[in-house]
Novice: 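I'd like to ask some things about the structure below.
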Amino acid sequence: MKNSEHFRYRMWKQSDAWSLYRLSQDKGLAFSCDWKPHGSPMQSLEMIGSKLQNSLCRVILNMKGEAVGSVEICLPDKEITLWLTSRYAEKAACREILQSAVSFAAEEMDLDALWIGVDENSQSHRKLLEACGFQAHHWILREDIDNQEFRRIILFKKSWTDAEVSCSINEPQVS
């Protein structure tokens, strides 16, 4: 992914274990993060090795070089997962990161669409995705094993065609 105005993106490294551990302790992580706080930096290191160190997953760094989240495009489902520390979970930051991911998916991966899921009760995330050009498509039930219950997840889709010059994300409309 190309760096954006306020964020840089790079692959996760094993040396990021302490940063990931610290991030996992933030109870306000935004978007699709289903993780519980890690018990130790060693658990974070295992997570990096088993799940985050792949070619389509990037650590999100602020301009000071601090890890503030993660973004990944999962194939073959064309699903984007994004999580940010609560300090960076405001709309402007999410829009900027989603723009980078959409551009990467369209220009470098030659994808024609992206999907993202949010909890049906998260009105703020739903509004953000709609402002970014994602449209609610359908819902699924996702099992929350720890609480032995199911959560309803709404899947949003953003698609574009070759005829479109850009797949840029629209600024929210002022009512």
Novice: Just how far is it from atom SG of Cys94 to atom CG of Leu84, taken to the nearest 0.5 Å?
Specialist: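 Answer rounded to 0.5 Å: 5.0 Å.
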
Novice: Indicate yes or no: at least one non-hydrogen side-chain atom of Asp112 is less than 4.5 angstrom from one of Lys78.
Specialist: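 Yes, side chains in contact.
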
Novice: With a 3.5 Å distance limit and no angle check, can you tell me whether Arg8 reaches the backbone of Glu5 through a side-chain donor-acceptor pair?
Specialist: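 Judged by distance alone, no pair lies under 3.5 Å.
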
Novice: In this structure, would Ile116 and Leu75 fall into the same cluster of hydrophobic residues linked by side-chain contacts under 4.5 Å?
Specialist: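 Yes, one cluster joins them.
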
Novice: Would you confirm whether Gln53, through its side chain, and Met11, through its main-chain N or O, come within 3.5 Å as a donor-acceptor pair?
Specialist: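 No.
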
Novice: Does the side chain of Leu129 reach to within under 4.5 Å of the side chain of Leu98, using non-hydrogen atoms?
Specialist: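 In contact.
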
Novice: Testing the basics here: between Ser44 and Ala17, what is the closest heavy-atom pair and its distance to 0.1 Å?
Specialist: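 That would be CB-O, 3.3 Å.
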
Novice: Between Asp26 and Arg87, does any side-chain N to carboxylate O distance fall below 4.0 Å?
Specialist: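 Salt bridge: no.
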
Novice: Between Gln99 and Ser103, is there a side-chain donor-acceptor contact under 3.5 Å, judged purely by atom types and distance?
Specialist: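 Yes, side-chain donor-acceptor contact under 3.5 Å.
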
Novice: Is any side-chain heavy atom of Leu128 less than 4.5 Å from a side-chain heavy atom of Phe134?
Specialist: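 No, too far: nothing below the 4.5 Å cut-off.
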
Novice: Check this for me, if you would: do Lys2 and Glu107 make a salt bridge, where the nitrogen-to-carboxylate-oxygen distance has to be below 4.0 angstrom?
Specialist: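 Yes.
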
Novice: Are side-chain heavy atoms of Val102 and Ile80 found at a separation under 4.5 Å?
Specialist: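 Contact flag for Val102/Ile80 side chains = no.
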
Novice: Would you please test Glu96 and Phe7 for side-chain contact (heavy atoms from CB on, under 4.5 Å) and show each step?
Specialist: CA-CA 8 Å; Glu96 184 176 331; Phe7 300 99; 3.6 Å; yes

Novice: How long is the gap from CG on Leu155 to NE2 on His138, to the nearest 0.5 Å?
Specialist: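 Going from the CG atom of Leu155 to the NE2 atom of His138 covers 4.5 Å.
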
Novice: With a 4.5 Å cut-off on side-chain heavy atoms, are Trp12 and Ser70 touching?
Specialist: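 When only atoms from C-beta onward are counted, Trp12 and Ser70 do touch, with a gap below 4.5 Å.
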
Novice: Let me confirm one number: the CD1-CD1 distance from Ile97 to Ile60, rounded to the nearest 0.5 Å.
Specialist: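 These two atoms lie 4.0 Å from each other.
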
Novice: Using only atom types and a distance under 3.5 Å, with no angle test, would you say the side chain of Trp160 pairs donor to acceptor with the backbone of Leu111?
Specialist: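 Yes: the side chain of Trp160 pairs with the backbone of Leu111.
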
Novice: Are any of the side-chain heavy atoms of Val59 and Tyr9 separated by less than 4.5 Å?
Specialist: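 The answer is no; the side chains never approach within 4.5 Å.
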
Novice: How long is the straight-line distance from CG of Leu20 back to CD of Glu46, given to the nearest 0.5 Å?
Specialist: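 Result: 11.5 Å between the selected atoms.
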
Novice: Would you kindly confirm whether Trp115 and Ile140 end up in one hydrophobic cluster when ILVMFWY residues are joined by side chain heavy atoms under 4.5 Å apart?
Specialist: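 Looking at the clustering, Ile140 is in the same group as Trp115.
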
Novice: Can you name the closest pair of heavy atoms from His125 and Val118 and give their distance?
Specialist: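 Scanning both residues completely, I find the closest heavy atoms to be CB-CG1, 3.9 Å.
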
Novice: Do you know the tightest heavy-atom contact between Thr81 and Cys74?
Specialist: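 Taking Thr81 first and Cys74 second, the nearest heavy atoms are CG2-SG, 4.4 Å.
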
Novice: I need the minimum non-hydrogen distance between Tyr21 and Pro41, along with the two atoms involved.
Specialist: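 Looking at all heavy atoms of both residues, the closest pair is CD1-N, 3.6 Å.
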
Novice: Find out whether His6 and Tyr88 are in side-chain contact, i.e. whether some heavy atom of one side chain is under 4.5 Å from a heavy atom of the other.
Specialist: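 With C-beta onward as the side chain, the pair stays apart.
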
Novice: With no hydrogens and no angle check, is any side-chain donor or acceptor of Ser24 less than 3.5 Å from a backbone partner on His38?
Specialist: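 Yes, Ser24 side chain to His38 backbone: donor-acceptor pair under 3.5 Å.
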
Novice: Decide if atom CD of Gln14 counts as having more than 12 heavy atoms of other residues, nucleotides or ligands within a radius under 6.0 Å.
Specialist: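 At most 12 heavy atoms, drawn from other residues, nucleotides or ligands, come within 6.0 Å of this atom.
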
Novice: Supply the atom-to-atom distance His137 NE2 to Ser159 OG, rounded to the nearest 0.5 angstrom.
Specialist: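 The OG atom of Ser159 is 8.5 Å from NE2 of His137, to the nearest 0.5 Å.
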
Novice: Would you indicate whether the side-chain heavy atoms of Met109 and Phe104 approach each other to under 4.5 Å?
Specialist: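 Yes, their side chains come closer than 4.5 Å.
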
Novice: Tell me the closest heavy-atom pair linking Asn54 and Leu56, and the distance in Å.
Specialist: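 Scanning both residues completely, I find the closest heavy atoms to be OD1-N, 2.8 Å.
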
Novice: Is it true that atom CD of Glu108 has more than 12 heavy atoms of other residues, nucleotides or ligands lying nearer than 6.0 Å?
Specialist: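 Buried by this count: over 12 neighbours within 6.0 Å.
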
Novice: How many angstroms lie between atom CD1 of Ile153 and atom CG of Asp119, to the nearest 0.5 angstrom?
Specialist: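 The distance works out to 5.0 Å.
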
Novice: Ignoring hydrogens, what is the shortest heavy-atom contact between Gly69 and Leu23? Give both atom names and the distance.
Specialist: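 Smallest interatomic distance, heavy atoms only, reads N-CD1, 4.0 Å.
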
